[in-house]
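In what follows, a single structure is set out as structure tokens and then discussed.
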Amino acid sequence: ADTDEVVTVTVPLEFVFACSESIAGKPHGRAQDEDAAFSLLLEELSSGKLLQTKRATRNTFIVTEYDLNRKFLQYWCLVNVRQRGCLFINVHHPGGTGLAQDYATKIQRIILSITNLVNQRLLLESLHRTKIASNLLVPESFDGKRQTEFEFESDQSRKNIEEGRFSCSLMFSTKFPLNHRCKMNQTIMSLESSVLHQFATNRKGVFCYKDENGNVFYMVLRASKEDRIDDIELQVFGVESPGKSIFQLCRLLHKKVMTLGVENLSAVLAKNPYFSLLPGDVAFLRSYKSNSDKALEEVVGGKESNETCEYYFPVHVNDPLMMLFCFFQNICGSTFFHRLHEAVDVSSRSGNNEGHVPSSSLSSPFKGYDDGLVRYSSKFFSLFYNNTSTHLNPQFQSVSTLTSKGRSFSSQTGQGLALVNFSLLDSEGSPVEYVRLAPELSRAEHSFDLSLEDLTLHSVKYAQQKSHYRLKIEVINTTLDISYVLKWIQLSLTQSLLSWSIERHLENARKGIMAPTNRRLELSSNSSSLREKWAKALENACPGILLFHSILDFGATLPHPAICKVQSTTLLRGCIARVAIELLERAILGPIFGDGRKYLAVSAHNVAIFRSTELEKPHQVKLSKGKQDGEAHVTDVCGKSIADQKSLDVEYNI
């Protein structure tokens with residue numbers, strides 16, 4: 001083409017380097033910085049994102065804008081990049097120089113946008129490398145809004161540039177709902193100091209990261225409110241759309257926001273375990289799992305999942321409601337489990353604005369007494385677990401039931417809350433609406449000859465024998481390791497079943513409806529057949545004592561908060577009676593009657609004592625203590641004195 005028909009426009013190249021934060025008509029800085037800037041410029045021209053080009057030589061590009069049929073170029077345009085300071089645009093248009101000038105101006109603006117993009121990339125790379133934010137990229141008064149598009153002035157050699165001239169556009173944003181018990185500023189600070197701390201820069205509240213595609217972004221957390229709902233908004237700024245790693249970061253932020261809600265609610269309940277939770281609190285806990293799964297876009301599973309399990313009550317348990325009362329008192333006495341108190345929104349029912357009142361003032365635990373039948377209320381047996389121990393309420397229970405195993409579980413569950421619901425089902429798995437409270441005792445064979453298998457609850461999945469009742473346990477978890485919560489509940493259920501069985505066993509004995517059984521006493525390997533005969537004789541004299549012995553042994557191995565086993569191998573023959581009296585005073589009569597009535601008369605306390613030796617079968621005796629010398633005295637039921645001979649093995653069963 002004739003040179004008179006070619007329009008040439010010269011575009012001075014200006015690049016910003018973080019070390020200078022200024023622009024000049026000619027690039028300046030270290031040679032490697034200049035080379036990097038030109039490489040980015042050539043890369044952007046080759047990419048065709050803003051301008052469709054084909055590369056002719058290393059520094060020359062042909063603009064490829066075709067006609068509608070994409071058969072011919074609308075005009076000829078060559079873009080030539082000079083290494084030292086400028087870029088030339090040469091345009092020829094068949095329609096004349098006027099149209100050529102228009103297209104040259106259009107391409108010039110695109111080139112200026114490309115150089116602006118290059119400067120943004122340079123500043124972003126510098127931010128990621130040094131963690132120092134340039135005022136040209138992130139103004140000190142950064143408010144999360146993009147600066148308005150700038151226009152290049154004719155004076156390209158000016159030194160001072162307004163702050164934020166090369167700020168980036170908002171490429172991604174998302175919101176995280178804030179729990180009403182969390183404060184906005186404290187939550188943002190917690191997120192910044194935990195999840196985002198590794199991305200921190202010298203600018204407060206501004207964080208920088210590079211995604212898997214090599215693109216650099218800076219981001220901020222902002223308070224947001226829409227329809228009276230508080231949210232925390234994550235804003236991500238850059239020159240490209242972020243990769244999939246941004247969603248991983250969002251999941252971590254969302255999970256942390258939810259965890260902070262649990263921690264704040266846990267702190268409230270730690271101060272007052274009788275606090276009535278608002279409907280929003282309960283809804284938050286119940287939906288924690290589903291919201292967590294939604295945040296993570298996958299099923300969490302494992303230790304933080306919810307759990308539902310069912311157990312058969314043993315066949316001999318004909319009063320499941322009383323056993324649940326034992327369980328309720330036992331597990332709440334650990335100071336980690338508490339009854340769930342829910343506030344009821346009465347304004348929504350009555351149309352007034354009185355707000356929320358505690359549920360305990362609106363309903364009673366049981367309803368509908370009818371001929372000994374009680375309507376079962378699963379809401380009354382709803383608990384919550386809080387990993388922060390609280391003080392016991394002496395009006396409810398003055399003695400802690402926390403055992404060494406329970407203390408171990410509390411250290412392994414982690415921090416958080418869990419809701420626990422208990423549903424009573426029949427043998428087929430249908431909900432039980434009415435249950436008989438404290439039914440009359442009957443002479444049933446299985447009530448007197450239990451095995452250790454009858455002292456534990458068995459999972460419905462693996463049970464070999466059905467019973468009249470099932471117990472369904474639903475644990476709604478937040479951030480706890482649920483496996484240890486379930487182990488603790490199972491332990492407490494076994495402890496409570498043991499307590500109920502002991503009480504029922506003693507009641508049978510008091511009413512005289514116990515019968516001797518063929519139970520074998522668990523003896524050591526070196527025990528003689530004579531002692532086995534003694535055990536049978538003892539069972540005949542005191543029906544049920546062997547079963548009682550087995551129950552207590554089993555309880556001591558659980559452990560059980562009310563059962564303690566003390567063993568000693570250093571007792572000398574001849575002092576067994578004195579040791580028996582001391583145990584009776586300190587371990588039995590003392591805790592029951594207090595220190596003021598240590599030992600009055602054994603017979604007054606309905607305590608039966610059986611004595612056996614190598615030569616005598618078990619027979620009932622009386623123990624007394626000398627008023628002056630404090631020595632133990634043994635007499636038979638007729639008042640005849642008996643002396644423990646040092647040559648004989650003597651055994652006392654109290």
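FYI, the numbering just counts along the sequence from 1.
- Between the side chain of Lys405 and the backbone N or O of Leu558 there is at least one donor-acceptor pair closer than 3.5 Å.
- To the nearest 0.5 angstrom, Arg251 atom CZ is 11.0 Å from Ile246 atom CD1.
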task: Let me see the working for His316 and Trp500 under ring pair (Phe, Tyr, Trp, His ring centres under 6.0 Å), right down to the final yes or no.
output: CA-CA 11 Å; His316 73 283; Trp500 182 89; 5.8 Å; yes

task: Go through the steps to decide whether Arg436 and Asp319 satisfy the test salt bridge (charged side-chain N to carboxylate O under 4.0 Å, His left out), and finish with yes or no.
output: CA-CA 7 Å; Arg436 192 173 299 278; Asp319 190 5; over 6 Å; no

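- We find that Lys175 and Glu226 are joined by a salt bridge, their nearest charged nitrogen and carboxylate oxygen being less than 4.0 Å apart.
- Phe172 has its ring centre less than 6.0 Å from the ring centre of Phe247.
- Considering all non-hydrogen atoms of both residues, Leu178 and Met184 come closest at CD2-CE, 3.7 Å.
- The distance from the CZ atom of Arg339 to the SG atom of Cys332 is 9.5 Å, given to the nearest 0.5 Å.
- A donor-acceptor pair shorter than 3.5 Å cannot be found between the side chains of Gln198 and Tyr209.
- A donor-acceptor pair under 3.5 Å links the side-chain atoms of Asn387 to the main chain of Ser410, judged by distance alone.
- With Tyr484 as the aromatic partner, Lys487 meets the cation-pi criteria of under 6.0 angstrom to the ring centre and within 45 degrees of the ring axis.
- Tyr376 pairs in a ring-ring contact (aromatic ring centres under 6.0 Å, His included) with only one of the listed residues (Phe381, Tyr434, Tyr469), which is Phe381.
- Among Phe422, Phe384, Trp488, the one residue that satisfies the ring-ring contact (aromatic ring centres under 6.0 Å, His included) test with Phe337 is Trp488.
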query: Should Val475 and Asn306 be marked as a side chain to side chain contact (heavy atoms under 4.5 Å, CB included) after you check the CA-CA gap, both sets of side-chain angles, and the distance that decides it?
result: CA-CA 6 Å; Val475 182; Asn306 294 339; over 6 Å; no

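- A salt bridge between Asp211 and Lys244 is absent, with no side-chain N of the basic residue lying under 4.0 Å from a carboxylate O of the acidic one.
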